[in-house]
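Keep in mind the model is a prediction, meaning the values are calculated, not measured.
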Amino acid sequence: MIELFVDVVPLCTNDVSIPVPIPRHSNSNRRNERAHTTREISPPVPLDENEEGPEEIGEFGDIFSNEGHTHDNVANLVFSDNTPFQNTCGNENFFNEDINIDTNLGPFEGEEEDDDDNVELNIPETSSRSTWRLTGRSNTHPVPSFNDVEGMLRIRGDGNFFPKGSYSTNESLQEGDLYRSKAHLKWFVHHYHIKKNRTFRVKKSNQSVYTVICTEHNCKWRLYATRREEDGAFIIIKNEYPHTRVLEKDRPLHPHLTCSFVATLIRDNVKANVEFKIKDILVNVRQRYDFGLPYHKAWRAKDIAINQLFGGWREAYNLMVPLLYAICRANPGSKLQWFISESSEPNVALFRMVNWAFGPAIKAFAYCRPVIGIDGTHLSGRYKGKLLTACGYDADGHVVPLAFALVHEECNETWANFMKFVRINVVGSRKVCVISDRHASILRVFKEPDLGWNVDAGEALHRYCSRHVVANFQDKFGKSLVPMVRAVFRQNQHYKFNKAFQRLDNKNHEACEWLMSVGSDDPEAPNLEIWSRAHDGGHRWGIMTTNGPESLNNVFREARLLPVTALVEVTFYKSVKFFAERRKEAEKAIQSNLVNAPDVAQLLEKRRLKANSHMVKSFREQQKYEVLTPKQQDDGKKKGGRKHIVYIDRPGGVCTCLKPQLTGSQLDATSNVVPPWDPSAE
């Protein structure tokens, strides 16, 4: 919750009492002889010493300018007790002089003066009752002006308080054109002079007045605009002389194509596409004004546009603190952790890293597969850094964003702090498999004893991303062997793995030795399970790459170009949208009475159709089945004709083909592999 504190200033003070003459009726025939009494009236609050006084307000500056309330006629307004009208809208010196208010108009001719204070007005006998009778009239008064209601029909509530009038889009800067602000007017002045290939200079510019003249001494062109008090809009008062100076036509640059002006031109483009390129800015300016723009000005203009849309780069680090706290308070269960260090400057701290995870994501992981992917990516804005992400996978294989971190660099400290945060606040005591690349700082995490991810202690399982291993292989041995290496990774059965590996060994023995050394310090004891699908044991659940966290980094690609507050907002709003959409799909699946997630159901249906061609032999005394796959040819290669054993009595169901175990849908897969007939019927 953000609290706003406003200093309340009293409207009037009672410290100063000013004597004001109060007129009363007099029976004297002399109009200038009156009795006076004195009453204390609190004056309006004077202006602060540092506050600027009103400038020349011009034609539309005073809100009462068209009402006819001058000092004289305001002073003649009195109340029933003869208290003068208090002018709280004027200046404080309004009552400095004595005010003579003539309320005694004297007796009518032929009438005697009355002794009372009040004046009694008697209608003379000469008045015509036939003309001014009060009865027997029609709906129309004899005086035409009494029946005129045209002015009443035009009255609207607050008609004079809220100014009317549309803002100008006229590029010729004519007298009477209205602009919503001074900045709006300045933009049109720049636009006009660039379009017409002319120049100007500012003669006077303050809160109330904006005056510009031509840079040519002999040119009389002059624009004078003032601020309207009602709404702060600026109106052109004078622009009576034409421009006489024109710059050279072959001039490559224009002096008024400033970075700030170009920023206003491209702001909508940057808002629609943060990756709006510098070369596109140069083309945009050239097409619009037929002038060139230096590359550094275009870069600076985009930087200013980003600042206007998303805030300053440096200030974003200070705003990130209350922003994340506000998000976590509004979303129960969210977690946040800061790391800062002291600096040599007083009251200044150096940012090191921040970890955060949203509450709904933490709750969702309990229903996800026991697999997470982690990855880091660069920030592309003014201040360099890294974004670390951790994601899970739901039953349908969709990525679930779990945790984020902003760090100054990827190192042992930052990865250790982030993974410890994920273990304590997201994963908990659950044993999971982590898929990552082979970054040295990540590998160190799984060897540390106090982070909760020690592989040797059985706290977690670690697997390499196959795409990164293949990319490292390609850097060392070239592209020619990459298809053979991919075939080794793809196999899910041991005998197929051995055949693919033997083909690679026959082609390049050194490449096989390098592959066997991946993930192992001892060449004699290769660690195949860390990168091979066939030796994984099903802990990957069929996930071979870090495509999940890398895809998340790509989703946040645009935000990585912006200040860190914008990046935090993107992670929040996209996560909210993601959970809302996934909730709709889940509700739809529940209403359709689906037992499995759509993608899993599709996979099982595919396996069921394939199982119709399998030959099954059951064993009466044991809950196991022998499955014979049919022989077939695929691209000239013989396939099938293999025997596999399915064990129904084992947890989850096990098949020697390893497909159910490696994909994670074990029980459903094995039950669909076996045709639904009674084994005792054989």
Side-chain angles (χ1 to χ4, degrees), residues 2 268-276 306 309-311 316 319-336 354-369 371-381 386-406 418 421-422 425-427 543 546-592 594 597-600:
I2 301 175
D268 290 340
N269 301 93
V270 175
K271 185 177 181 179
N273 178 20
V274 178
E275 295 180 309
F276 194 61
I306 290 176
L309 291 170
F310 306 103
L319 294 175
M320 184 169 55
V321 178
L323 174 62
L324 278 171
Y325 273 116
I327 292 176
C328 291
R329 290 181 62 183
N331 295 270
S334 300
K335 302 297 180 180
L336 177 64
V354 57
N355 304 316
W356 72 93
F358 301 125
I362 297 174
K363 294 179 181 179
F365 182 70
Y367 305 94
C368 293
R369 304 177 184 182
V371 182
I372 65 173
I374 59 175
D375 191 36
T377 186
H378 297 272
L379 300 184
S380 307
K386 297 291 184 67
L387 173 67
L388 309 183
T389 55
C391 71
Y393 303 88
D394 63 12
D396 208 19
H398 285 266
V399 172
V400 179
L402 297 179
F404 306 92
L406 278 175
F418 177 61
F421 173 84
V422 172
N425 298 288
V426 180
V427 176
I543 302 170
T546 55
N547 184 66
E550 289 177 357
S551 299
L552 279 181
N553 293 335
N554 187 59
V555 169
F556 304 134
R557 182 183 68 255
E558 294 183 352
R560 291 189 280 120
L561 296 167
L562 303 176
V564 291
T565 48
L567 178 58
V568 170
E569 288 184 288
V570 169
T571 61
F572 174 70
Y573 283 100
K574 285 187 178 293
S575 296
V576 171
K577 184 69 173 179
F578 168 81
F579 280 103
E581 294 297 328
R582 294 297 294 158
R583 180 182 180 87
K584 292 180 181 178
E585 295 182 16
E587 291 176 346
K588 184 178 179 180
I590 293 174
Q591 293 175 358
S592 302
L594 293 180
D599 287 356
V600 175

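The two residues G376 and L388 come nearest to each other via the heavy atoms CA-CD2, 3.8 Å. Nearest approach of L402 to A361, heavy atoms of both residues: CD2-O, 3.8 Å. What you find for F418 and T389 is that their closest heavy atoms are CZ-C, 4.0 Å. Shortest non-hydrogen contact noted between L561 and I306 is O-CD1, 4.4 Å. When every heavy atom of R369 is checked against every heavy atom of G397, the shortest pair comes out as NH2-N, 3.7 Å. Residues V399 and G548 share a closest heavy-atom pair of CG2-CA, 3.6 Å.
Proximity of a side-chain donor or acceptor of S334 to a complementary backbone N or O of G359 within less than 3.5 Å is detected. With hydrogens and angles disregarded, no donor-acceptor distance shorter than 3.5 Å links the side chain of R560 to the backbone of G381. R583 contributes no side-chain N or O that, together with a main-chain N or O of A580, makes up a donor-acceptor pair within less than 3.5 Å. When atom types are taken as modelled, the side chain of D394 and the backbone of D396 share a donor-acceptor pair closer than 3.5 angstrom.
Atom CG in L562 sits 5.0 Å away from atom CZ in F310 (nearest 0.5 Å). Rounded to the nearest 0.5 angstrom, L336 CG and N425 CG are separated by 10.0 Å. Atom CE of M320 sits about 11.0 Å away from atom CD1 of I327, to the nearest 0.5 Å. Atom CG of L406 sits about 8.5 Å away from atom CG of L324, to the nearest 0.5 Å. Rounded to the nearest 0.5 angstrom, L379 CG and F556 CZ are separated by 12.5 Å. How far CD of E558 is from CG of N273: 5.5 Å, rounded to the nearest 0.5 Å.
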Chi angles and distances behind the side-chain contact (heavy atoms from CB on, under 4.5 Å) call for V354, V564: CA-CA 11 Å; V354 57; V564 291; over 6 Å; no
Residues F358, F579; criterion side-chain contact (heavy atoms from CB on, under 4.5 Å); working and verdict: CA-CA 11 Å; F358 301 125; F579 280 103; over 6 Å; no
Trace of the side-chain contact (heavy atoms from CB on, under 4.5 Å) decision for I372 with F365: CA-CA 10 Å; I372 65 173; F365 182 70; 3.5 Å; yes
Verdict with supporting geometry, F572 and L323, side-chain contact (heavy atoms from CB on, under 4.5 Å): CA-CA 11 Å; F572 174 70; L323 174 62; over 6 Å; no
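Residues E585 and R582 are paired through a salt bridge, judged by an N-O separation under 4.0 Å between the basic side chain and the carboxylate.
Side-chain contact between L567 and F404 is absent, with no heavy atoms from C-beta onward closer than 4.5 Å.
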